[in-house]
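Report on the following structure.
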Amino acid sequence: MNDSQKIAALQECIDSTTKICVFTGAGISCPSGIPDFRSADGIYNEKINGYYTPEQIISHTVFMKEPELFFDFYKSKMLYPDAKPNDAHKYFADLEKRGKAVSVITQNIDGLHQAAGSTDVTELHGSVHRNYCMKCGTFYDMEYVKNCETVPRCSCGGLVKPDVVLYEEPLDENATVNAIRKISEAETLIIIGTSLIVYPAASYVRYFRGKNLILLNKSSTPYDSNADIAIYDDVVNVVHQLK
Ligand code: ZN
């Protein structure tokens with residue numbers, strides 16, 4: 001199939017099914033100005049303080065032992081308060097408004113699917129918009145964390161922790177169960193902007209029992225041969241060609 005035939009085939013999959021699951025990674029938020037952690041030019045290639053890699057900094061160990069270093073990095077590299085949903089986020093939110101049962105599973109922590117209007121969103125890695133005092137559980141929003149000069153503290157003195165899955169931490173069990181259920185119930189599964197190399201995305205795809213498996217990524221992935229359609233393009237370009 002050439003590119004326009006692939007787009008037509010994707011359109012047919014969307015039109016002919018009702019239960020559509022969209023599994024998204026960093027690639028869907030790149031056009032909103034949020035960098036891909038793991039791409040060749042992503043921030044994971046930078047070294048901070050000449051010693052820690054970014055993966056080490058956003059770990060549970062560093063959060064607990066060196067919260068200043070953690071929040072210095074977190075606030076400057078992981079919070080994008082001005083980021084807005086792009087046309088890809090909006091397309092799937094709009095599809096839901098038009099009557100499709102669209103469930104979104106995302107590895108992103110930016111909240112942009114909800115900002116676009118999607119109501120059924122499973123966040124595998126948490127969200128920067130939720131932050132809790134580790135002592136008393138009081139909720140704080142992203143602005144509170146962003147605007148704290150150093151380490152965000154609760155009025156009770158407790159450390160405020162972002163509800164984001166850090167390295168060394170397990171995924172939320174409810175989110176995992178939800179994701180597997182949504183994938184196993186879907187007729188069409190569209191995987192967007194993730195290489196599928198990162199755990200657990202790849203292991204979840206095995207639960208898909210539906211008709212159409214579509215991969216939409218800028219470059220090829222190890223799972224392309226399992227897909228009914230694999231499209232290599234920017235996701236915004238693709239949705240601009242869809243109805
Ligand atoms: Zn507190």
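Note: hydrogens, waters and symmetry copies are ignored here, and every other heavy atom, side chains too, is used.
For the pair L124 and A175, the tightest heavy-atom approach, listed with the atom from each and the gap, is CD2-O, 3.9 Å.
S103 and D120 form no side-chain donor-acceptor contact under 3.5 Å, judged by distance and modelled atom types alone. For the residue pair T194 / Q107, a side-chain donor-acceptor distance below 3.5 Å is found, with atom types taken as modelled.
More than 12 heavy atoms of other residues, nucleotides or ligands lie within 6.0 Å of CD in Q5, so this atom counts as buried by the packing criterion. For K100, the NZ atom is densely surrounded, since the number of other residues' heavy atoms within 6.0 Å is greater than 12.
The closest side-chain heavy-atom distance from R153 to L159 is below 4.5 Å. Within the 4.5 Å cutoff, the side chain of F139 has no heavy atoms near those of the N131 side chain. For the pair E96/T119, a side-chain contact is recorded, criterion being any heavy-atom separation below 4.5 Å from C-beta on. Counting heavy atoms from C-beta outward, P152 and F71 have side chains that approach closer than 4.5 Å. Using a 4.5 Å cut-off on side-chain heavy atoms (C-beta onward), L95 and I14 make contact. The side-chain heavy atoms of I192 and N217, taken from C-beta on, include no pair separated by under 4.5 Å. Side-chain contact between Y132 and V160 is absent, with no heavy atoms from C-beta onward closer than 4.5 Å.
The residue from S29, S32, S127 that alone fulfils the side chain to side chain donor-acceptor pair (under 3.5 Å) condition with D110 is S29. Checked against D94 for a salt bridge (charged side-chain N to carboxylate O under 4.0 Å, His left out), the options K90, R98, K97 give a single hit: R98.
Taking CZ of F23 as the reference point, atom CG of L216 lies at 14.0 Å (rounded to 0.5 Å). To the nearest 0.5 Å, the span separating CG on L112 from CD1 on I109 amounts to 10.5 Å. Taking CD of Q56 as the start and CZ of F70 as the end, the distance is 14.0 Å to the nearest 0.5 Å. Taken from CG in D228 to CG in L10, the straight-line distance is 11.0 Å, to the nearest 0.5 Å. Rounding to the nearest 0.5 Å places CD1 of I190 at 8.5 Å from CD1 of I229. To the nearest 0.5 angstrom, T24 atom OG1 is 5.0 Å from N108 atom CG.
Residues L69 and V151 share a hydrophobic cluster, clusters being chains of Ile/Leu/Val/Met/Phe/Trp/Tyr side chains in contact below 4.5 Å. Cluster membership check: I28 shares its hydrophobic cluster with I214, using side-chain heavy-atom separations under 4.5 Å among Ile, Leu, Val, Met, Phe, Trp and Tyr. L215 and V104 are members of different hydrophobic clusters when ILVMFWY side chains are connected at heavy-atom separations under 4.5 Å. Grouping the Ile, Leu, Val, Met, Phe, Trp and Tyr side chains by contacts below 4.5 angstrom, directly or via other members, places V236 apart from I34. A single hydrophobic cluster is not seen to contain both V121 and I180; linkage of ILVMFWY side chains at heavy-atom distances under 4.5 Å, directly or through other members, places them apart.
Residues passing the salt bridge (charged side-chain N to carboxylate O under 4.0 Å, His left out) test with K6: none are found, sequence neighbours excluded. Scored by the side-chain hydrogen bond (donor to acceptor under 3.5 Å, both in side chains) test, S4 finds N2 as partners (sequence neighbours excluded). By the salt bridge (charged side-chain N to carboxylate O under 4.0 Å, His left out) test, R181 is found to be paired with E185, residues two or more places apart in sequence or in another chain being considered. Listed by chain and number, the residues in a ring-ring contact (aromatic ring centres under 6.0 Å, His included) with Y140 are Y144 (sequence neighbours excluded). Every residue two or more places apart in sequence or in another chain was checked for a ring-ring contact (aromatic ring centres under 6.0 Å, His included) with Y207, and none qualifies. Taking the salt bridge (charged side-chain N to carboxylate O under 4.0 Å, His left out) definition, one finds that E169 meets it with K161, sequence neighbours left out. Residues meeting the ring-ring contact (aromatic ring centres under 6.0 Å, His included) test with Y232, sequence neighbours left out: none.
A donor-acceptor pair is defined here as one N or O able to donate and one able to accept, closer than 3.5 Å; no such pair exists between the side chain of K75 and the backbone of N147. For the pair E187 (side chain) and I20 (backbone), a donor-acceptor distance under 3.5 Å is absent. Checked by atom type and distance alone, the side chain of Q241 never pairs as donor or acceptor with a backbone atom of I7 at under 3.5 Å. Side chain of T176 to main chain of D172: a donor-acceptor pair is present (N/O by atom type, distance under 3.5 Å, no hydrogens or angles). A side-chain donor-acceptor contact under 3.5 Å links S59 to the backbone of V62. Formation of a donor-acceptor pair under 3.5 Å by the R209 side chain with backbone atoms of R206 is found in this model.
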Full working for side chain to side chain contact (heavy atoms under 4.5 Å, CB included) between T106 and T122: CA-CA 6 Å; T106 188; T122 302; over 6 Å; no
Check the pair L213 / V205 against side chain to side chain contact (heavy atoms under 4.5 Å, CB included), numbers first and verdict last. CA-CA 9 Å; L213 176 59; V205 177; 4.1 Å; yes
Starting from the C-alpha separation in whole Å, work towards a yes-or-no answer on side chain to side chain donor-acceptor pair (under 3.5 Å) for H240 and D87. CA-CA 8 Å; H240 283 165; D87 285 350; 2.7 Å; yes
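Residue pairs meeting the ring pair (Phe, Tyr, Trp, His ring centres under 6.0 Å) criterion with at least one member in residues 82-112, sequence neighbours excluded: H89-H113. Applying the salt bridge (Lys or Arg N to Asp or Glu O under 4.0 Å) test to residues at least two apart or on different chains, none of the pairs has a partner in residues 58-69. Residue pairs meeting the salt bridge (Lys or Arg N to Asp or Glu O under 4.0 Å) criterion with at least one partner in residues 129-146, sequence neighbours excluded, are E123-R130, R130-D163. Screening residues 12-34 for salt bridge (Lys or Arg N to Asp or Glu O under 4.0 Å) gives no qualifying pairs among residues at least two apart or on separate chains.
Here V177 is tied to no hydrophobic group at all, with no ILVMFWY side chain closer than 4.5 Å.
With ring centers used as reference points, Y74 lies 6.0 Å or more from F63.
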